[in-house]
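If you read the sequence from its start, that first residue is 1, and numbering goes on from there.
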Amino acid sequence: MHGFLGEFFGTLILILFGCGANASNSLKKTYGQNTGWLFICLAWGFAVTMGVYVAGVFGSQGHLNPAVTLPFALFGRFPWSQVFPYLTGQFLGAFIGAALVVAQFYPHFLVTRGGGNNVGIFATRPAIQRPGFNFLSEVIATAIFVFTLLNLGNFTTGLKPVVVGLLIFMVGAGLGTTTGFAINPARDWAPRLVYTILPVPNKGSAEWNYAWVPMFGPLLGAIIACGLEMLVG
């Protein structure tokens with residue numbers, strides 16, 4: 001239960017702050033409109049930091065990401081008995097966090113029409129639609145991210161969550177401009193579902209035809225990272 005609660009609240013905070021920053025940047029008449037890509041990367045980085053801290057207090061390992069939980073279990077770094085509670089907490093937390101963003105920014109969704117109000121506030125989308133290369137981008141970004149995590153030890157303690165946040169910032173700044181750096185299936189799919197089913201004003205397509213990329217690209221990238229760590233560790 002502690003694992004579920006930690007992952008639920010940690011991922012909720014991650015998505016609330018992260019998608020909130022996306023909304024601030026994209027929606028009309030916010031004080032953060034058009035603040036830019038580095039603002040987005042920094043916000044997502046510290047969203048992860050705060051989420052990991054909260055998850056750790058509730059007793060989870062602060063994965064907040066199926067692309068951490070599943071590959072860790074596959075390579076014996078995490079007990080299979082905890083996989084379902086962790087994944088459930090991650091997807092539910094991401095869903096509730098995204099729903100809160102809809103409520104927080106509802107008046108701004110009302111006044112935003114056209115390209116400024118799209119699924120990119122909630123989920124990732126490619127800068128150039130090339131599915132094979134988009135998939136590769138997610139594989140590379142997630143592999144680098146997870147390989148670094150594997151060499152941090154317990155990343156919920158001390159200043160390590162801040163290091164994880166800086167890592168997210170660097171992944172976004174250095175590799176994320178191609179696909180929006182999902183590197184996390186729960187971060188993409190649950191908010192995309194919120195955008196699909198909730199009455200978000202002036203919404204467009206949820207682009208589910210692309211959603212396989214942020215689901216399977218991060219999983220493969222993380223598996224590669226765990227395999228590499230096993231070979232060289």
Side-chain angles (χ1 to χ4, degrees), residues 7-55 62-67 89-112 115-127 138 141 145 164-165 168-169 171-173 176-177 179-208 210-211 213-215 218:
E7 295 298 302
F8 173 80
F9 285 112
T11 311
L12 187 156
I13 286 170
L14 161 63
I15 297 301
L16 180 58
F17 285 148
C19 290
N22 288 353
S24 295
N25 179 68
S26 298
L27 296 176
K28 290 182 178 179
K29 297 189 177 181
T30 73
Y31 290 129
Q33 187 178 2
N34 297 324
T35 41
W37 183 249
L38 291 182
F39 164 80
I40 295 290
C41 293
L42 190 63
W44 277 100
F46 280 102
V48 170
T49 293
M50 301 309 159
V52 170
Y53 272 126
V54 169
H63 292 178
L64 315 184
N65 184 348
Q90 290 158 10
F91 279 98
L92 284 178
F95 186 93
I96 299 300
L100 290 173
V101 170
V102 176
Q104 174 78 10
F105 290 91
Y106 194 85
H108 299 274
F109 282 108
L110 283 172
V111 299
T112 304
N117 176 14
N118 54 48
V119 69
I121 292 170
F122 294 92
T124 59
R125 56 207 309 261
E138 288 293 333
F145 169 59
V164 176
I168 292 290
F169 171 77
V171 170
T177 52
T179 61
F181 71 117
I183 64 174
N184 182 339
R187 170 263 173 276
D188 189 278
W189 274 52
R192 195 184 297 270
L193 181 60
V194 166
Y195 187 75
T196 302
I197 66 177
L198 290 191
V200 180
N202 302 311
K203 67 180 175 182
S205 169
E207 300 180 3
W208 282 100
Y210 175 77
V213 170
M215 173 59 76

Considering all heavy atoms, the nearest Ala47-Gly18 contact
CB-N, 3.9 Å
In this structure, NZ of Lys203 is separated from OG1 of Thr112 (nearest 0.5 Å) by 15.5 Å
Might you work through the side chain to side chain contact (heavy atoms under 4.5 Å, CB included) test for Thr179 and Tyr210, ending with a clear yes or no?
CA-CA 11 Å; Thr179 61; Tyr210 175 77; 3.6 Å; yes
Indicate yes or no: at least one non-hydrogen side-chain atom of Ile13 is less than 4.5 angstrom from one of Leu64.
no
Please determine whether side chain to side chain contact (heavy atoms under 4.5 Å, CB included) holds for the pair Phe17 and Phe46, giving the CA-CA distance in whole Å, both sets of side-chain angles, and the decisive distance to 0.1 Å.
CA-CA 8 Å; Phe17 285 148; Phe46 280 102; over 6 Å; no
Are any of the side-chain heavy atoms of Val213 and Asp188 separated by less than 4.5 Å?
no
Roughly how far, to the nearest 0.5 Å, is the SG atom of Cys19 from the CD atom of Gln104?
13.0 Å
CH2 of Trp37 to CD1 of Ile40, rounded to nearest 0.5 Å, is 7.0 Å
Evaluate the side-chain proximity of Pro218 to Phe145: yes if any heavy-atom separation is below 4.5 Å, no if none is.
no
Check Gln33 against Lys28 and note the closest heavy-atom contact, atom names and distance.
OE1-CA, 3.6 Å
Any side-chain donor near an acceptor of the partner, Asn22 and Trp44, under 3.5 Å
yes
Answer whether the closest heavy-atom distance between the side chains of Asn202 and Phe109 falls below 4.5 Å.
no
Distance (rounded to the nearest 0.5 Å) between Arg125 CZ and Asn118 CG:
4.5 Å
4.5 Å side-chain heavy-atom contact, Ile121 and Phe105:
no
From CA spacing to verdict: side chain to side chain contact (heavy atoms under 4.5 Å, CB included), Asn184, Leu14
CA-CA 11 Å; Asn184 182 339; Leu14 161 63; 4.1 Å; yes
May I have the step-by-step check of side chain to side chain contact (heavy atoms under 4.5 Å, CB included) for Ile15 and Arg187, ending in yes or no?
CA-CA 7 Å; Ile15 297 301; Arg187 170 263 173 276; 3.8 Å; yes
Between atom CD of Glu7 and atom CD of Gln90, what is the distance when rounded to the nearest 0.5 Å?
4.5 Å
Are the side chains of Asn34 and Ser26 in contact, using a 4.5 Å heavy-atom criterion?
no
Classify the ring geometry between Tyr195 and Phe122 as parallel (under 30°), tilted (30 to 60°) or perpendicular (over 60°).
tilted
4.5 Å side-chain heavy-atom contact, Phe95 and Trp189
no
A side-chain contact here means heavy atoms from C-beta on lying under 4.5 Å apart; do Val48 and Val52 qualify?
yes
